[in-house]
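Here the structure comes first, spelled out in structure tokens, and everything after it is commentary.
To find a chain, count down the sequence lines: A is the first, B the second, and so on, and within it residues start at 1.
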Protein chains: 2
Amino acid sequence: MKDCTIYKTVDIIGKKWSLCILLELYKGEQKQKRFNELKARLQDVTPKTLSLRLKELEEQGFIRKTIDNSSVPIKCEYSLTESGEEFLDIIQNIKKWGLKWKFGNDECERSNCKLCQL
Amino acid sequence: MKDCTIYKTVDIIGKKWSLCILLELYKGEQKQKRFNELKARLQDVTPKTLSLRLKELEEQGFIRKTIDNSSVPIKCEYSLTESGEEFLDIIQNIKKWGLKWKFGNDECERSNCKLCQL
DNA sequence: TCCAGTAGTTTCTAATTGGATACTATGAAA
DNA sequence: TTTCATAGTATCCAATTAGAAACTACTGGA
């Protein structure tokens with residue numbers, strides 16, 4: 001059972017901030033986002049946790065990190081890979097499900113989600 | 001951010017056996033399944049963990065528990081609710097994603113998943 | 001020289017989660 | 001009376017995960 005695809009995929013993206021990070025990278029015009037930018041948007045995340053999750057997501061191929069050392073200070077930019085973008089369909093369905101069955105639309109209206117474009 | 005629908009839904013179903021339990025309840029002809037039956041099918045789960053997850057899933061409305069005390073010993077049967085069934089679309093998409101991007105089809109062929117009808 | 005902004009890391013602690021193992025209670029059957 | 005099957009609990013411990021707070025290293029600019 002532990003070699004079940006579902007089981008293994010949940011191990012990768014079941015952690016507290018993983019899906020929110022992917023969602024945050026999807027939002028807005030600008031698809032490249034910097035560390036401090038993500039930290040500011042995901043209000044309650046600590047730099048330690050954000051750093052760990054970004055590393056994991058990169059290792060697992062959901063996101064890529066590009067380092068722009070043309071200017072100073074160095075800027076690191078994170079963006080979705082192709083597989084990460086495809087995973088957003090799932091996140092979208094989770095949101096739809098959550099809104100339908102668990103949390104009223106109004107909750108989402110009041111929260112940051114109104115900006116999430118899903 | 002913590003009132004984000006995604007964040008909250010992951011809190012509910014991000015735990016280790018939750019999705020596998022839902023999947024197990026979906027499989028097969030017989031939609032009602034008993035505790036020991038689930039324990040046997042989800043090979044590595046301990047009764048404690050299974051018990052906790054079933055309670056959570058019931059509280060959250062994914063599954064329902066019906067007690068058949070007509071015969072002895074009492075039989076408890078678990079089955080998906082309507083919202084639980086709808087969540088299986090998401091699980092199916094997670095599986096598709098996992099097979100496409102992370103784990104070869106062959107892995108799933110070798111595992112119990114070949115029986116999962118997703 | 002000191003501050004600001006970049007992107008994190010370090011340390012310590014707390015909370016959550018999961019596993020191993022043994023145990024409970026019920027009633028029927030051998 | 002012991003055993004079996006039902007459906008779990010209880011206890012203890014280990015591992016994982018998350019958070020708070022402070023700190024690092026780099027360089028440019030005031």
Side-chain angles (χ1 to χ4, degrees), chain A residues 1-4 6-22 24-25 30 32-60 63-79, chain B residues 1-4 6-22 24-25 30 32-60 63-79:
Chain A
M1 199 61 207
K2 282 184 172 169
D3 55 356
C4 165
I6 310 291
Y7 185 97
K8 289 188 291 186
T9 309
V10 171
D11 254 11
I12 300 172
I13 45 75
K15 291 183 190 168
K16 218 172 187 180
W17 291 97
S18 305
L19 294 190
C20 291
I21 291 170
L22 293 180
E24 205 56 52
L25 287 174
Q30 185 58 40
Q32 312 262 93
K33 273 146 195 143
R34 297 194 318 286
F35 187 87
N36 282 333
E37 196 174 348
L38 290 170
K39 185 154 74 67
R41 287 170 175 279
L42 302 163
Q43 286 163 295
D44 302 301
V45 77
T46 60
K48 177 193 151 192
T49 302
L50 181 57
S51 174
L52 288 173
R53 291 298 153 271
L54 286 171
K55 260 179 211 150
E56 283 169 12
L57 290 172
E58 195 191 355
E59 273 166 22
Q60 297 295 335
I63 66 176
R64 78 174 67 82
K65 176 182 180 178
T66 48
I67 299 174
D68 170 15
N69 50 10
S70 67
S71 68
V72 163
I74 289 170
K75 281 174 187 161
C76 299
E77 305 205 287
Y78 296 92
S79 56
Chain B
M1 199 61 207
K2 282 185 174 170
D3 55 355
C4 166
I6 310 289
Y7 185 96
K8 288 188 291 186
T9 309
V10 171
D11 255 11
I12 301 172
I13 44 76
K15 293 183 189 168
K16 218 171 189 181
W17 291 97
S18 305
L19 294 190
C20 291
I21 291 169
L22 293 180
E24 204 56 53
L25 288 173
Q30 184 59 39
Q32 312 261 96
K33 272 144 195 146
R34 297 194 319 288
F35 187 87
N36 282 333
E37 196 175 348
L38 290 170
K39 186 155 73 67
R41 286 171 175 278
L42 302 163
Q43 287 163 293
D44 302 303
V45 77
T46 60
K48 177 193 154 193
T49 302
L50 181 57
S51 173
L52 287 173
R53 291 297 155 272
L54 286 171
K55 261 180 208 148
E56 285 168 12
L57 290 172
E58 194 191 355
E59 273 166 23
Q60 297 295 335
I63 65 175
R64 78 173 68 81
K65 176 182 181 178
T66 49
I67 299 174
D68 170 13
N69 50 11
S70 68
S71 69
V72 162
I74 290 170
K75 281 174 187 160
C76 298
E77 305 206 288
Y78 296 93
S79 57

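- In this structure B:Ser79 satisfies the side-chain hydrogen bond (donor to acceptor under 3.5 Å, both in side chains) test together with B:Gln32, B:Arg64, sequence neighbours excluded.
- The CD1 atom of B:Ile67 sits 16 Å away from the P atom of D:dT6 (whole-angstrom rounding).
- Taking atom CG on A:Leu19 and atom C1' on D:dT17, their separation rounds to 16 Å, with Å as the unit.
- A close approach under 4.0 Å does occur between a side-chain nitrogen or oxygen of B:Lys55 and OP1 or OP2 of D:dT9.
- Listed by chain and residue number, nothing satisfies the side-chain hydrogen bond (donor to acceptor under 3.5 Å, both in side chains) test with A:Asp44 (two or more places apart in sequence, or in another chain).
- The shortest distance between the side-chain N/O atoms of B:Lys65 and the OP1/OP2 oxygens of D:dG8 is below 4.0 Å.
- Looking at B:Glu58 and B:Lys65, no side-chain N of the basic residue comes within less than 4.0 Å of a carboxylate O on the acidic one, giving no salt bridge.
- The side chain of A:Thr46 lies closest to D:dG19, out of D:dG19, D:dG8, C:dA7.
- One interatomic measurement links the two molecules: NZ of A:Lys16 to C1' of D:dT16, which rounds to 13 Å at whole-angstrom precision.
- Between the CD1 atom of B:Ile13 and the C1' atom of C:dT17 there is a distance of 16 Å, given to the nearest Å.
- For A:Ser18, the side-chain hydrogen bond (donor to acceptor under 3.5 Å, both in side chains) criterion is met by no residue, not counting sequence neighbours.
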- request: List the steps, then state whether side chain to side chain contact (heavy atoms under 4.5 Å, CB included) holds for A:Leu54 with A:Leu38.
  value: CA-CA 10 Å; A:Leu54 286 171; A:Leu38 290 170; 4.1 Å; yes
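- Note on residues 10-19 of chain B: pairs passing salt bridge (charged side-chain N to carboxylate O under 4.0 Å, His left out), not counting sequence neighbours, are B:Lys15-B:Glu56.
- The side chain of B:Lys39 contributes no N or O atom lying less than 4.0 Å from OP1 or OP2 of D:dG8.
- Taking A:Arg34 as the reference, nothing meets the side-chain hydrogen bond (donor to acceptor under 3.5 Å, both in side chains) condition, with sequence neighbours excluded.
- The distance between atom CG of A:Asn36 and atom C1' of C:dT9, rounded to the nearest whole Å, is 14 Å.
- Contacts of B:Lys15 with the nucleic acid, taken as non-hydrogen atoms under 4.0 Å apart, involve only primed sugar atoms and P, OP1 or OP2.
- Distance CD (B:Glu37) to C1' (D:dA7): 13 Å, rounded to an integer number of Å.
- Of the side-chain N and O atoms in B:Ser51, none sit less than 4.0 angstrom from OP1 or OP2 of D:dA7.
- Of the candidates D:dG8, C:dT11, D:dT6, the closest approach to any side-chain atom of A:Lys48 belongs to C:dT11.
- One can place CH2 of A:Trp17 at 23 Å from P of D:dT16, the figure rounded to the nearest angstrom.
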- prompt: Reading nucleotides 22-30 of chain C 5' to 3', which nucleotides get B (base under 4.0 Å from a protein heavy atom), which S (sugar-phosphate only), which -?
  reply: -----S---
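- The separation between B:Lys75 atom NZ and D:dG8 atom P is 14 Å, rounded to whole Å.
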